[in-house]
Trainee: 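Below is one structure. I have some questions about it.
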Amino acid sequence: VQLQACGGGVVQAGGSLRLSCAASGRAAVTYALGWFRQAPGKDREFVTAVTWRSGSRRYADYAKGRFTISRDNTGSMGYLEMSSLKPEDTGVYYCATGSFDNDFDYARDYMNNRRYSHWGQGTLVTVSS
């Protein structure tokens with residue numbers, strides 16, 4: 001599986017961006033698609049995830065109500081729509097595919113970046129104040 005994220009850019013606070021993640025290979029055999037981000041000088045953190053088959057979505061608290069994850073049913077494209085962006089949303093955004101045993105395993109561990117084995121190169125989002 002290879003992933004490529006794009007769509008980042010510079011946006012003013014309050015603005016919106018839509019990130020895309022193109023997956024080649026057999027992404028759909030993995031369980032979920034996740035988005036993570038890393039701000040300068042900080043650790044990578046979970047943003048959101050969705051299962052390929054059922055579309056079960058999970059969000060970090062700071063993303064709820066502002067970010068929306070989606071995917072197509074073929075396992076080839078994922079999206080992250082972000083609105084009401086804040087300067088603290090600045091960072092490199094990565095998409096990744098995660099392997100989980102079942103819905104219970106996913107619900108328990110979706111935020112764990114070690115469960116995501118394939119990563120895209122990241123796309124930079126800069127939110128100016």
Trainee: Start with the C-alpha distance between Val47 and Tyr59, add both sets of side-chain angles, then the distance that settles side chain to side chain contact (heavy atoms under 4.5 Å, CB included), and finish with yes or no.
Mentor: CA-CA 6 Å; Val47 179; Tyr59 294 93; over 6 Å; no

Trainee: I would like to know whether Leu33 and Trp52 meet side chain to side chain contact (heavy atoms under 4.5 Å, CB included); could you show each step before the answer?
Mentor: CA-CA 7 Å; Leu33 173 71; Trp52 287 111; 3.8 Å; yes

Trainee: Could you check whether the rings of Phe36 and Phe46 sit parallel, tilted or perpendicular, using 30° and 60° as the cut-offs?
Mentor: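 Perpendicular.
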
Trainee: Spell out, as yes or no, whether a donor-acceptor pair under 3.5 Å connects the side chain of Arg18 to the backbone of Glu81.
Mentor: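 Checking the backbone N and O of Glu81 against the side chain of Arg18, no donor-acceptor pair under 3.5 Å is found.
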
Trainee: A side-chain contact here means heavy atoms from C-beta on lying under 4.5 Å apart; do Thr97 and Leu3 qualify?
Mentor: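 Touching, per the 4.5 Å side-chain cut-off.
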
Trainee: Compare all side-chain heavy atoms of Ser76 with those of Ser24 and state whether any distance is below 4.5 angstrom.
Mentor: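 With C-beta onward as the side chain, the pair stays apart.
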
Trainee: Heavy-atom distance under 4.5 Å between the side chains of Thr51 and Arg57, does that happen here?
Mentor: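 The answer is no, as the side chains (C-beta and beyond) never meet within the 4.5 Å cut-off.
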
Trainee: I want to check a possible cation-pi pair here: Arg44 against Tyr94, using under 6.0 Å from ring centre and within 45° of the ring axis as the test.
Mentor: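 Satisfied, under 6.0 Å and within 45°.
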
Trainee: Keeping the roles fixed (side chain from Ser83, backbone from Ser16), state whether a donor-acceptor pair exists under 3.5 Å.
Mentor: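 Flag not set: sc Ser83 to bb Ser16 has no pair under 3.5 Å.
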
Trainee: Just checking Gln2: does its CD atom have more than 12 heavy atoms from other residues, nucleotides or ligands closer to it than 6.0 angstrom?
Mentor: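 At most 12 heavy atoms, drawn from other residues, nucleotides or ligands, come within 6.0 Å of this atom.
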
Trainee: Give a yes or no on this: more than 12 heavy atoms of other residues, nucleotides or ligands lie within 6.0 Å of atom CG of Asn102.
Mentor: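 Yes, the 6.0 Å shell around CG holds more than 12 heavy atoms from other groups.
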
Trainee: With no hydrogens and no angle check, is any side-chain donor or acceptor of Ser20 less than 3.5 Å from a backbone partner on Cys6?
Mentor: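 No, the answer is negative, given that no donor and acceptor are paired below the 3.5 Å cut-off.
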
Trainee: Are Asp89 and Phe67 close enough that some pair of their side-chain heavy atoms sits under 4.5 Å apart?
Mentor: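 Side-chain contact under 4.5 Å: yes.
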
Trainee: Please say which of Trp35, Tyr110, Phe100 ends up in a ring pair (Phe, Tyr, Trp, His ring centres under 6.0 Å) with Tyr116.
Mentor: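 Between Tyr116 and the candidates, ring pair (Phe, Tyr, Trp, His ring centres under 6.0 Å) is satisfied uniquely by Phe100.
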
Trainee: Does any part of the side chain of Leu19, heavy atoms only, come nearer than 4.5 Å to the side chain of Thr123, both counted from C-beta?
Mentor: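 Counting from C-beta outward, Thr123 and Leu19 do come under 4.5 Å.
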
Trainee: Take Ser54 and Ser56, measure what side-chain hydrogen bond (donor to acceptor under 3.5 Å, both in side chains) needs, and give me the verdict at the end.
Mentor: CA-CA 6 Å; Ser54 68; Ser56 174; 4.9 Å; no

Trainee: Hey, are the side chains of Arg71 and Cys21 touching, using non-hydrogen atoms and a 4.5 Å cut-off?
Mentor: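 Sidechains of Cys21 and Arg71: no contact.
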
Trainee: So does Met111 get a backbone contact from the side chain of Arg115, meaning a donor-acceptor N/O pair under 3.5 Å?
Mentor: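 No, Arg115 side chain to Met111 backbone: no donor-acceptor pair under 3.5 Å.
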
Trainee: Does Gln121 reach the main-chain N or O of Ala5 with its side chain, forming a donor-acceptor pair under 3.5 Å?
Mentor: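 Yes: the side chain of Gln121 pairs with the backbone of Ala5.
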
Trainee: Which atom names give the shortest non-hydrogen contact between Leu80 and Tyr93, and what distance separates them?
Mentor: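 For Leu80 and Tyr93, the tightest heavy-atom pair comes out as CD2-CD2, 4.0 Å.
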
Trainee: May I ask you to check if Arg37 and Tyr62 form a cation-pi contact, with NZ or CZ under 6.0 angstrom from the six-membered ring centre and within 45° of the axis?
Mentor: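 Arg37 over Tyr62 ring: yes.
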
Trainee: Check whether any side-chain heavy atom of Tyr31 lies under 4.5 Å from a side-chain heavy atom of Asp105, and answer yes or no.
Mentor: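 Result no, sub-4.5 Å side-chain heavy-atom pair not found.
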
